[in-house]
Q: 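Got a structure for you, written out below as structure tokens; questions coming shortly.
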Amino acid sequence: MSSQPGTSQYGADRPHPFRYTAQIADEIERRWQATWEERSAFCQPNPGEAGFDASRPKYYCLDMFPYPSGAGLHVGHPEGYTATDIMSRYRRMTGHNVLHPMGWDAFGLPAEQYAIQTGIHPAITTRQAIDNFRRQLKRFGFSYDWSREFGTIDEGYYRWTQWIFLRLFDSWFDPAHGRARPIGELVSALERGRVAVNTFGEVVAIPTGSQAITGSVVGVRMWHELSDDERGALIDTYRLAYRSETTVNWCPKLGTVLANDEVIEGRSERGGHPVVRKPLSQWAFRITAYAERLLKQLDSLEWPASTKTMQREWIGRSEGAEIDFAIDGTDQSLRVFTTRPDTLFGATYMVIAPEHPLVQMVIEGAGPHAAAVADYAARTRRRSDVERQESREKTGVFTGLRAINPATGQAVPVWTAEYVLMGYGTGAIMAVPAHDERDFEFAQAHGLPMRDVVYQPPVFAMRYFALHSYPEGAVEEGWRERLADFVGISVTGAPAKPAAERLRRVFQQRAAAPDQVCEVGPMGSRRGVTQRVWLEVIEDLHVSDFGALRREFEAGMYHASHDGALAEAGIAANSTNADISLDGMHSADAKEAVLAWLEAKGLGARKVNFRLRDWVFSRQRYWGEPFPIVYDAGGRAYPVGESHLPVKLPALADYAPVESEDPMPLLAKAQDWVKTTAGDAGVAPSLLAPETPVWRETNTMPGSAGSSWYAIRYCDALNPGRFVGREAEAYWMAGGVDLYVGGSEHAVGHLLYSRFWQNVLFDLGEVTTPEPFRRLFHQGLITSFAYQRKDKTLVPVDQVSEPSEGAFVETATGAPVSQIVAKMSKSLKNVVNPDEVIAEFGADTFRLYEMYMGPLEASKPWNPRDIAGLFRFLQRLWRLAVDEETGKPRTSADPSANIEKLLHRLVVKVGADIDRLSLNTAIAAAIEFVNACVGVDKGMGALTSDQIRRLALTLCPFVPHIAEELWARHGGAGFASHQPWPQVDARLLVDDEVEVPVQVAGKVRSRVMVPAGADAGTHERVALADARVQEFIAGKPVRKVIVVPGKMVNVVL
RNA sequence: GCCGGAGUGGCGGAAUGGCAGACGCGCCGGAUUCAAAAUCCGGUACCCCCUAAAGGUGUGUGGGUUCAAGUCCCUCCUCCGGCACCA
């Protein structure tokens, strides 16, 4: 492929000096791009600035900003960017103030890794990459307001990223109000004694009024009783940004922390060095506090359903209860979370996570089980999450502890096992093996008891029969048939929930007289048939005799012997104690009943749990935002004062990680920078005396820091005094970003984190809207052809040729290879470079091709063969308006009324399609229109200049350069891009007569013309009068005629 | 395993429950050309047929709802994406 414009086959233009060719496209495009830039055509003023038109509605159209990689743009980037450009240009034309910015997500690992190899500062390579990206993007003619451009690495930007971090550091989540508040308000509440601290370190309200506590509440301490250190530590545990101990994969040899998938069998993927799991103190955000809101607010968003689902599942809300089990022989209790409190009577053992504090206690207690427990805990700690996933073997050891099941009063063993995760719920479970698959497997593996407490209705009936029908010891012939009949009668037609009530009635009627249950019913009867079905089921149980069945139910071992765990809802059984009986209740009711009992007894409470974990925010890397935090000698964290922001990255002599046994962030190498004083760091003197020695935080922020709020910054990108001007934010962010386009790979990460920051800033009154992105759209992946040999190995694209149609061979060997569609990647050598495509066809053709490939959201293969079709379309468009021999504008002296009508319809169709981002169909409509014009052209010109100008405006969002050119050549003043969207005459959108297909017996047999707006009767008359229709009716009686006016007539015979 | 999404000509794809295959590519035929490329015009789902008319078949599979199903419901198959011991 050529990289010079005009040297391709599409540039050979000698016979037609003014044909639309790659050279002409190149010339036009560069000229208009320069003109737009010169006149700041797409600079959008903010409210209050010169040129701002307050009468227009706003439209904020945003792309996910790119990471500027050294490799430059690939064809996937402009896909979304073209779509948003079309939308932005269209909205400008329909009278909106449009905010359409672009910038750079520029901190990140690749630049740092390059720096390690070359010693070049990442800032230098990143700036170069940005310059290259900007150059490439500008060549597409995107209508970005470049005056708002910034990168996350700009001091003027990350200063505010640090500032937002401090706002989170300085806030806590008040569960009573469900929102973030300044930490100072918590402190003053504590000082005023309205709240206190209980033994769990939880802040609790102190009741006020007449029964005010006279002495100190047991287990509750007042603020004034705490030492300074205790106060500080307590406050820290409430901050939205807090430090937490997290286990990381540390590779001493590489000197870096590795992600789980970079560790293979305890060794680093790169180099195979040993990796150890080490605890590390890291910054985290209390995003879990916002779980409920992040979940609920999803409903209000116009997002792809799949993305909402992914976020919902990621947040993972589940309702259940927390229940306390007393630990036998101690005054301690073990708290568990369960979604099935109704199965409490079936809890026959407990399991705690190996990281559970109780495990440590057992080890320290040095009892007979301590050694085994310690060994198991140590073993599991060494295993990474990935390894744990690979082997799902249910390992575990007995801790020696016993807990009292509060419902049964039974002492049950407490085990520790890695299938229980410390990070979810309380890190401890009540195991109900009969009703949980995992508990069942574990119980089987370790010989733990099981107890049925829920049955499906037929089994419940079976149990009733087994326990009540025959006297003890009597074993009768034909019990299977009778049982089958009983089950059939009991449950036939019973919907799941009322089954319990129904069963009770049936039992009352029948159980008293089991001998009245009939023998095998007559085959013809419904009862007989039902009975036979159940008989099969019962025979499949392979129970030797009736006594055996009875014993299974007596022991509550039915599930253990037959189906395995029953995890679904059903009817409760074996669930009675002195206070309460759940027997016969449906699981949903049993849940309520047991919860009421637990709450009354103070043994448990309803609880909602989330799968979502707090957001670990530290990275042990260089190329990221430094934290505006310093530590004193005691390790307490202090915020850097606002006036001292940004905290800049220190220069390093080199970027190579240091070999070390203990995790050490790269910034620790900059000892001069790390060691400073409170005064130099800008810590408020009220917090720390200026001369106090302090040490800077050496972790840096992750990439998601800068990308979590950039949408806000674009509203007022250069504001030096605030992270965003209040007026600008209120205007542009009202209701959120109006259209946000980017890949679905960010469905949870970026899109959840941004929502979290936005919510916090909203709570703190810094922004005016709680959700950043109102409408979200994911563009599909652009794939590319790749070639594989018979053995499935891949052959680079440039080593494949196609000697005959559809047959591909490896050029070097001549061996046949098969064509597959795959993601573009360097290793497959199937990456398409947009610069080359633009050189061969121009940017307008490129834009058109990418939008025409298929639905924007679909993944679709890049096929170079297809591009020419769009280029030819632009050639035809051009030829309609410009004489290929003279270069003079072509116009029609005799405009066609039909063409005018089609033009109006095109304007409507294109507008509607842009609205729903159905850009491929909009382009198809435009092609159809141009083809229709070519049909009437006959070398004379088909359109008037006015029509050509309107056509140019209609196509301007898609192909702005050629549109500007045709607009100008046909006498348009100003930029086409600044014109209002063409007016539509509604009268031209309807025809006088419409053709309506006529079906006879559901098959289209003819078409008739009816006047527009004709009623059903007219349709019917005209249709039945049609000769072909009559032929098909052939004298048969017409039963019915269905008419959809203007659409269809169906004659039913 | 669970949860989404998608299966339509040779290819990319179009179709508020109402004419399946718009539009583009490719291919075939023609024009232009000394010739080729480029460009332009026409044809192009499949079967039957010399051709045309007429007819028949057809939207992954099998069933269902409906006057009417690519579209709605159920079964199964394949592919893609996400999650995965979450109590």
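Residue numbering restarts at 1 for every chain, and letters A, B, ... go by the order of the sequence lines.
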Q: Is it true that A:Y419 and A:D439 share a donor-acceptor pair across their side chains at a distance under 3.5 Å?
A: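 A donor-acceptor contact under 3.5 Å links the two side chains.
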Q: Could you point out which residue of A:L752, A:I287, A:T288 forms a side chain to side chain contact (heavy atoms under 4.5 Å, CB included) with A:W615?
A: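 Among A:L752, A:I287, A:T288, the one that satisfies the side chain to side chain contact (heavy atoms under 4.5 Å, CB included) with A:W615 is A:I287.
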Q: Determine the Euclidean distance between corresponding C1' atoms of B:C49 and B:G62; express it in Å to zero decimal places.
A: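 Looking at atom C1' only, B:G62 and B:C49 are 33 Å apart.
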Q: How does RNA chain B look in dot-bracket notation if pairs are Watson-Crick or G-U with both distances under 3.5 Å, crossing ones as [ ], other-strand ones as |?
A: (((((((..(((.....[....)))((((((.......))))))(((.......)))..(.(((..]....))).))))))))....
Q: So what does A:R876 touch, heavy atoms closer than 4.0 Å: a base, only the sugar-phosphate, or nothing?
A: sugar-phosphate
Q: Heavy atoms from C-beta onward define the side chain here; which of B:U39, B:C67, B:C85 lies closest to that of A:K394?
A: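 The nucleotide sitting nearest to the side chain is B:C85.
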Q: How many angstroms lie between CG in A:N609 and OG in A:S318, if you round to the nearest 0.5 Å?
A: 5.5 Å
Q: Below 3.5 Å between N/O atoms, which protein atoms pair up with nucleotides 55-58 of chain B? Just atom names and distances, please.
A:
| from | atom 1 | to | atom 2 | distance (Å) |
| --- | --- | --- | --- | --- |
| B:G55 | OP1 | A:R1028 | NH2 | 3.0 |
| B:G56 | OP1 | A:R1005 | NH2 | 3.3 |
| B:G56 | OP2 | A:R1005 | NH1 | 3.3 |
| B:U57 | OP2 | A:K1003 | NZ | 3.0 |

Q: Work out how far the C1' atom of B:C67 is from that of B:G17, and round it to whole angstrom.
A: 12 Å
Q: Report the distance from atom OH of A:Y419 to atom C1' of B:A87, rounded to the nearest whole Å.
A: 8 Å
Q: Distance between the P atoms of B:A15 and B:G7, in whole angstroms?
A: 11 Å
Q: Roughly how many Å is it from CG in A:N609 to P in B:A87, rounded to a whole number?
A: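 For the pair A:N609 CG and B:A87 P, the rounded distance is 8 Å.
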Q: Without decimals, in angstroms, what is the distance between A:Q779 CD and B:G81 C1'?
A: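 Taking CD of A:Q779 and C1' of B:G81, I get 15 Å after rounding.
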Q: Is the A:W314-A:Y753 ring centre distance short of 6.0 angstrom?
A: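 Between A:W314 and A:Y753, the centre distance exceeds or equals 6.0 Å.
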Q: Can you tell me which nucleotide in B:U39, B:C41, B:C67 comes closest to the side chain of A:V1052?
A: B:C67
Q: Measuring centre to centre across the rings, with the benzene-like ring taken for any Trp, is A:F442 within less than 6.0 Å of A:W415?
A: yes
Q: Indicate yes or no: does A:R312 engage A:D299 in a salt bridge with an N to O separation below 4.0 Å.
A: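 Yes, this pair counts.
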Q: Taking atom P in both B:A87 and B:G81, compute the distance separating them and give it to the nearest angstrom.
A: 26 Å
Q: On RNA chain B, compare the nucleotides closest to A:I923 and A:R611; which residue's is nearer the 5' end?
A: A:I923
Q: Using the P atom on both, measure B:U71 against B:U59 and round to a whole Å.
A: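 Approximately 9 Å lies between the P atom of B:U71 and that of B:U59.
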Q: Would you kindly give the CG-to-C1' distance between A:L781 and B:G12, to the nearest whole Å?
A: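 Rounded to the whole Å, the gap is 16 Å.
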Q: Where does B:G62 land, syn or anti, once you apply the within-90°-of-0 test for syn?
A: anti
Q: Taking B:A22 as the reference, what is the distance to B:G9 when you measure between their C1' atoms (whole Å, please)?
A: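 Result for the C1' pair: 14 Å, nearest Å.
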Q: Look at all strands and tell whether A:E441 reaches a base, only sugar-phosphate, or nothing, counting heavy atoms closer than 4.0 Å.
A: nothing
Q: Measure the distance from CD on A:E418 to C1' on B:A84 and round it to the nearest whole Å.
A: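 Interatomic distance, CD of A:E418 to C1' of B:A84: 15 Å.
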Q: Between protein and nucleotides 3-11 of chain B, what N or O pairs are separated by less than 3.5 Å?
A:
| from | atom 1 | to | atom 2 | distance (Å) |
| --- | --- | --- | --- | --- |
| B:C3 | O2' | A:E313 | OE2 | 3.2 |

Q: Using side chain to side chain contact (heavy atoms under 4.5 Å, CB included) as the criterion, list what pairs up with A:E437, not counting sequence neighbours.
A: A:E441, A:A565
Q: Test A:F871 against A:Y20 for ring pair (Phe, Tyr, Trp, His ring centres under 6.0 Å), laying out the working first.
A: CA-CA 9 Å; A:F871 183 74; A:Y20 184 77; 5.8 Å; yes
Q: Determine the contact category for A:S318: base if any of its heavy atoms lies under 4.0 Å from a base atom, sugar-phosphate if only primed atoms, P, OP1 or OP2 are that close, otherwise nothing.
A: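 Answer is sugar-phosphate: A:S318 comes under 4.0 Å of backbone atoms only.
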Q: Do A:R905 and A:L989 come close enough that some side-chain heavy atom pair is under 4.5 Å?
A: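 A side-chain contact exists here, since the closest heavy-atom pair is under 4.5 Å.
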Q: Would a distance-only check, ignoring hydrogens and angles, find a side-chain to backbone donor-acceptor pair under 3.5 Å from A:H446 to A:L448?
A: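 Such a contact is absent between A:H446 side chain and A:L448 backbone.
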Q: Any idea which of B:C85, B:C25, B:A87 is nearest the A:F337 side chain?
A: B:A87
Q: Just how far, in rounded Å, is P of B:U71 from CE of A:M1048?
A: 16 Å
Q: For B:A68 versus B:U75, give the span between their P atoms, rounded off to a whole number of Å.
A: 23 Å
Q: Distance-only criterion, 3.5 Å: show the donor-acceptor pairs between side-chain atoms of residues 337-346 of chain A and protein atoms not counting sequence neighbours.
A:
| from | atom 1 | to | atom 2 | distance (Å) |
| --- | --- | --- | --- | --- |
| A:T338 | OG1 | A:R340 | N | 2.9 |
| A:R340 | NE | A:D342 | OD1 | 3.0 |
| A:R340 | NE | A:D342 | OD2 | 3.4 |
| A:R340 | NH1 | A:A567 | O | 2.8 |
| A:R340 | NH2 | A:D342 | OD2 | 3.0 |
| A:T343 | OG1 | A:R340 | O | 2.7 |

Q: Among B:U39, B:A22, B:A87, which nucleotide sits nearest the side chain of A:R19?
A: B:U39
Q: Under the ring pair (Phe, Tyr, Trp, His ring centres under 6.0 Å) criterion, do A:H746 and A:H778 qualify, and how do the steps go?
A: CA-CA 9 Å; A:H746 299 108; A:H778 298 307; 8.7 Å; no
Q: Would you tabulate the nitrogen or oxygen pairs shorter than 3.5 Å linking the protein to nucleotides 13-17 of chain B?
A:
| from | atom 1 | to | atom 2 | distance (Å) |
| --- | --- | --- | --- | --- |
| B:A14 | OP1 | A:N920 | ND2 | 3.1 |

Q: As a test of reading the structure: which of B:G26, B:C85, B:A68 is closest to the side chain of A:R872, going by heavy atoms?
A: B:G26
Q: Rounded to the nearest Å, what distance is computed from the CG atom of residue A:L902 to the P atom of nucleotide B:C23?
A: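 The distance from CG of A:L902 to P of B:C23 comes to 13 Å, rounded to the nearest Å.
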Q: Select base, sugar-phosphate, or nothing to describe what A:D439 touches, counting heavy atoms under 4.0 Å on all strands.
A: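 Touches nothing.
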Q: What nucleic acid atoms does A:I429 come within less than 4.0 Å of, heavy atoms only: base, sugar-phosphate, or nothing?
A: base
Q: Say you pick atom P in B:A37 and the same atom in B:C11; how far apart are they, in whole Å?
A: 26 Å
Q: Do A:F18 and A:W878 have their ring centres less than 6.0 Å from each other?
A: no
Q: Are A:R317 and A:E292 within salt-bridge range, i.e. N to O under 4.0 Å?
A: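 Between A:E292 and A:R317 there is a salt bridge, with a charged N closer than 4.0 Å to a carboxylate O.
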Q: Send over the distance from A:E857 CD to B:G81 P, rounded to a whole Å.
A: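 Value for this atom pair: 17 Å.
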Q: Would you check, one step at a time, whether the test salt bridge (Lys or Arg N to Asp or Glu O under 4.0 Å) holds for A:R847 with A:E79?
A: CA-CA 8 Å; A:R847 295 167 57 114; A:E79 190 192 12; over 6 Å; no
Q: Would you please indicate yes or no on a ring centroid separation below 6.0 angstrom for A:F610 and A:Y424?
A: no
